[in-house]
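Remarks on the structure that follows.
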Amino acid sequence: MTKEKIEELIKELTLVEKIDMIHGNELFRTKAVERLGIPALTTSDGPMGVRQDYEKTKWLPMGFTNDKTSYLPSNTALAATWNINLAFETGNILGKEARGRGKDMILAPGINLQRSPLCGRNFEYMGEDPYLVSELVVPLIKGIEKNDVSSCVKHFAVNNQETKRLSVDVTVSDRALHELYLPGFKAAVQKGEAKAIMGAYNKFRGQHCCHNDLLLNKILREEWGFDGVVVSDWGGVHDTLEAAFHGLDIEMSVTDDFDHYFMANALKLAVEEGKVEESVIDEKVRRVLSVMNRLNMLDGERKPGSYNNILDREKLLQVARESVVLLKNDNHLLPLKTKKGMKILVVGDNANRTQATGGGSAEIKALYEITPLLGIAMEAGGNVTVTYEQGYDANTSGNIWDEEHQEKESWQAVSLEESADKSNYHGTVTEEMETKNKELAVRAVEAAKKADVVIYVGGLNHEHDTEGKDREELTLPYNQDELINHLLIANPNTVIVMLTGSPVGMNQWIHKAKTLVYSWYAGMEGGHALGEILFGKVNPSGKLPETLPISIETVPSHTLGEFPGGDSVNYGEGVFVGYRYYDTYHVPTLFSFGYGMSYTSFDIKNLKIINNSDIENVNITISVEATNAGKMPGAETIQVYIHSHNNSVIRPDKELRAFHKVFLKEGETQSVLISLDASAFTYFDEEKDCFFAEKGTYSILVGNCVSNIILSEKIELKEDYTVSK
């Protein structure tokens, strides 16, 4: 459909019809204008797969079987692959399944920076580094949108906690805003060409993000040139006139009083009273129609999509495989070598727990989910005896949220009520519960003494990694530390697997454990992938997308800034988030950003600067050689960091500016070329209001994690460079 035809449609629409197009008429759908052939816009959560169908006006599941879909790895799992190609494949599956389920917009991906390890929604995001996020979100969006489905990138912006998420006011410097919290969204808009952005619940500098003039008008539209639609988070709108003038296009919420939304009858009245020009409404409708047109919703041949395609499961398995991070492997206990009569004991509630149905709006009605216990048993085979002990009961915390709201009505039905903060929904841990957990632990430890190998699968679950509340501490729940210590004494050949969406405390036992494997909510094939890794069928290649700190007291958002704050929260750490802080201020960590081991070994050598900067521009290409020096095929991620020797402003000691994952057969060597432009050397200059690279000396640092720099070369920028923000 041409632009002229869209303009003709706008002229034919009545004010009521226009208003109906820009707010929810069902929980996940706007209203159609049937007389003009304009369909409703149908949306769906979520980041880990297309959510189950709900009734039109109530948070009640339809209860059918035809809304079971693929359960995708979480965005943190995807980030741990450091694999751009897998990001595209994951997006393609998500978009294909959304279209196959009849959806027009999938409310994904989530790309908020992981500022604190305690944020309840960290598992939905892509780590602590803006460059890693930016590089992965672009192919993810392109994969989604090749299926005639709009992505909806969320949550814009500085949405880094769940505590008081509907009202907390964020204070952050311009430099930190532009260097850390906006780059992923900018890449999504300018490189990924995302068709929709979702506003955040929180306030930014006094204004709610869903109608924030600075964020939506000045930055998103004027500076970045975004021409898609801005959708509110469900219940994120608080003012009719601000919503009208400050860049919002579609208001959605969790209630069924659709005519009483801020952009419904109240907005119509504001137009009729002359407070809002109808042309303002026209512009919102124009953007909605433009997106519909680009999705082939108004005319043309639209892709049908599909879901639960058997060929896609192998791709999701590959994502799960590459997401697993091997952090410790003393005495080469892994990969496990099976032999006839071998006895393997699996311990831990997470080993036998499915995760798809939890986490808030990321929940999935999965076609299936392979648990770690199932995956381990599948790979061990029939000559090995695999037994299981629960070890701890993850239901003994007494959390009653799901019991009260999940079965009869989704928690989202009451999620806008102050009393609906999930952190309030905790029951009392009774003496009976404590007795049960002690009995489970004793049984597990006794069984461990008789096993050849113990595989412990613990960590967190979606009672802790969840929308609506933040964790209170880094410590593992359910007395896991005590259980792990006893298991390590009972059987030193205990393989520790942490299955989690966020960093967890491991100080109490990490130095005693021979092995540590870090896994995530890795989707329907997650247990399968874990089993393959443990038994050596697949070589681990995951790298941490976030630092694992020693304690919460060492985390910069807690020591230099505030978390979670009160009515407001100050990001006092500025640009020193994650490794930028630990590395610069020499604060020890358990495991560094970008770290991950392999069953083989790699040599990275021969760093060369092929071309340098000149007077006209900065266009640097470097080359390195990567060799698999071991006896097993594997993959290594070459990471390029930049260090500035110029001291006009305080800058992080290292900043990730490029990476390349290379797959090598045993003995194979590959030459890798990596390009760097002027933006790789910049910081955000608040006085100049732009990204700026000052002339002087910079080191190009090459390694396989931020704390293991193997090669370095210095370059000289001959003049200052300004890069648009």
Side-chain angles (χ1 to χ4, degrees), residues 79-87 129 131-132 135-136 318-319 321-335 337 515-518 529 532-545 579 583 591-612 620-643 654-676 680 699-715:
T81 71
W82 291 59
N83 189 320
I84 291 171
N85 294 328
L86 289 182
D129 182 78
Y131 181 82
L132 179 62
E135 288 296 294
L136 291 174
Q318 187 60 28
V319 178
R321 287 166 173 158
E322 293 190 35
S323 74
V324 178
V325 185
L326 178 63
L327 294 176
K328 193 173 183 181
N329 193 24
D330 295 352
N331 303 328
H332 301 286
L333 180 58
L334 293 177
K337 299 173 179 62
T515 62
L516 176 61
V517 176
Y518 222 75
E532 291 181 322
I533 295 286
L534 294 177
F535 289 98
K537 184 176 181 179
V538 172
N539 196 348
S541 64
K543 300 284 186 177
L544 289 176
Y579 74 86
D583 201 54
F591 296 98
S592 301
F593 173 82
Y595 181 72
M597 300 173 68
S598 171
Y599 293 150
T600 189
S601 59
F602 299 95
D603 292 332
I604 302 174
K605 54 190 177 184
N606 295 335
L607 170 62
K608 296 178 182 178
I609 309 295
I610 296 179
N611 56 303
N612 208 328
I620 296 170
T621 301
I622 67 171
S623 72
V624 297
E625 288 184 354
T627 300
N628 184 340
K631 299 179 180 180
M632 184 178 185
E636 178 64 294
T637 300
I638 298 167
Q639 301 167 36
V640 180
Y641 298 85
I642 298 299
H643 170 77
K654 302 183 188 76
E655 294 174 277
L656 181 71
R657 289 296 188 251
F659 63 88
H660 183 87
K661 191 167 188 175
V662 57
F663 295 81
L664 299 167
K665 299 177 183 178
E666 55 269 38
E668 182 183 4
T669 298
Q670 284 188 26
S671 180
V672 177
L673 298 178
I674 296 174
S675 297
L676 299 168
S699 288
I700 297 176
L701 310 171
V702 178
N704 57 12
C705 76
V706 72
S707 62
N708 188 37
I709 300 302
I710 301 167
L711 304 168
S712 67
E713 288 285 348
K714 291 181 180 179
I715 65 152

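We count residues from 1, following the sequence as given. Because the structure is predicted, anything quoted here is derived from the model rather than measured.
Side chains of Thr515 and Val517 form no contact here, defined as non-hydrogen atoms less than 4.5 Å apart. For the pair Leu327/Leu544, a side-chain contact is recorded, criterion being any heavy-atom separation below 4.5 Å from C-beta on. Side chains of Ile642 and Ile700 form a contact here, defined as non-hydrogen atoms less than 4.5 Å apart. Within the 4.5 Å cutoff, the side chain of Leu516 has heavy atoms near those of the Phe591 side chain. Annotation: side chain of Leu673 is in contact with side chain of Ile610 (closest heavy-atom distance under 4.5 Å). Considering only heavy atoms from C-beta on, Val662 comes within 4.5 Å of Ile638 through its side chain. The side-chain heavy atoms of Phe593 and Leu656, taken from C-beta on, include a pair separated by under 4.5 Å. In this structure, Gln318 and Asn83 have side chains that are not in contact, with every pair of non-hydrogen atoms separated by 4.5 Å or more.
If you take OH on Tyr579 and CG on Asp129, they are separated by 3.5 Å, rounding to the nearest 0.5 Å. Expressed to the nearest 0.5 Å, how far OG of Ser623 lies from NZ of Lys608 amounts to 6.0 Å. The line from CG of Asn85 to CD of Glu322 is 9.0 Å long, rounded to the nearest 0.5 Å. For the atom pair CD of Gln639 and CG of Leu701, the computed distance is 11.5 Å after rounding to the nearest 0.5 Å. Here the OG1-CZ distance, from Thr81 to Arg321, works out to 13.5 Å after rounding to the nearest 0.5 Å.
Checking side-chain atoms of Glu668 against main-chain N and O of Pro633 turns up no donor-acceptor pair under 3.5 Å. A donor-acceptor pair under 3.5 Å is absent between the side-chain atoms of Glu625 and the main chain of Ser671, judged by distance alone.
The minimum heavy-atom distance linking Val325 with Gly596 is given by the pair CG1-CA, 3.8 Å. Contact record, Ile533 with Tyr599: O-OH, 2.7 Å, taken as the closest heavy-atom pair. When all heavy atoms of Asn539 and Gly634 are compared, the pair lying nearest together is ND2-CA, 3.7 Å. Scanning all heavy atoms of the two residues, the minimum distance from Gly630 to Thr600 falls at CA-OG1, 2.9 Å. Annotation for Ser675 and Thr621: closest pair OG-OG1, 3.7 Å, computed over non-hydrogen atoms. Taking all atoms of both residues into account, the shortest heavy-atom contact from Met632 to Glu666 is N-CB, 3.9 Å.
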(message) Determine whether Glu636 and Lys543 satisfy the following criterion, salt bridge (Lys or Arg N to Asp or Glu O under 4.0 Å), listing intermediate values before the conclusion.
(response) CA-CA 9 Å; Glu636 178 64 294; Lys543 300 284 186 177; 2.8 Å; yes
(message) Evaluate Ile710 against Val624 for side-chain contact (heavy atoms from CB on, under 4.5 Å), listing each step before the verdict.
(response) CA-CA 11 Å; Ile710 301 167; Val624 297; over 6 Å; no
(message) Walk me through whether Val702 and Ile674 qualify under side-chain contact (heavy atoms from CB on, under 4.5 Å).
(response) CA-CA 11 Å; Val702 178; Ile674 296 174; over 6 Å; no
(message) Show, in sequence, the C-alpha distance, side-chain angles and deciding distance for Asn704 and Phe602, and conclude whether the side-chain contact (heavy atoms from CB on, under 4.5 Å) test is met.
(response) CA-CA 10 Å; Asn704 57 12; Phe602 299 95; over 6 Å; no
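Asn708 and Tyr595 share no donor-acceptor pair across their side chains, judged by distance under 3.5 Å alone.
Two rings, from Trp82 and Tyr131, have their centers 6.0 Å or more apart.
No more than 12 heavy atoms of other residues, nucleotides or ligands lie within 6.0 Å of NZ in Lys665, so this atom counts as exposed by the packing criterion.
Of the options Thr627, Asn606, Asn628, a side-chain contact (heavy atoms from CB on, under 4.5 Å) to Thr669 is made by Thr627 and by none of the others.
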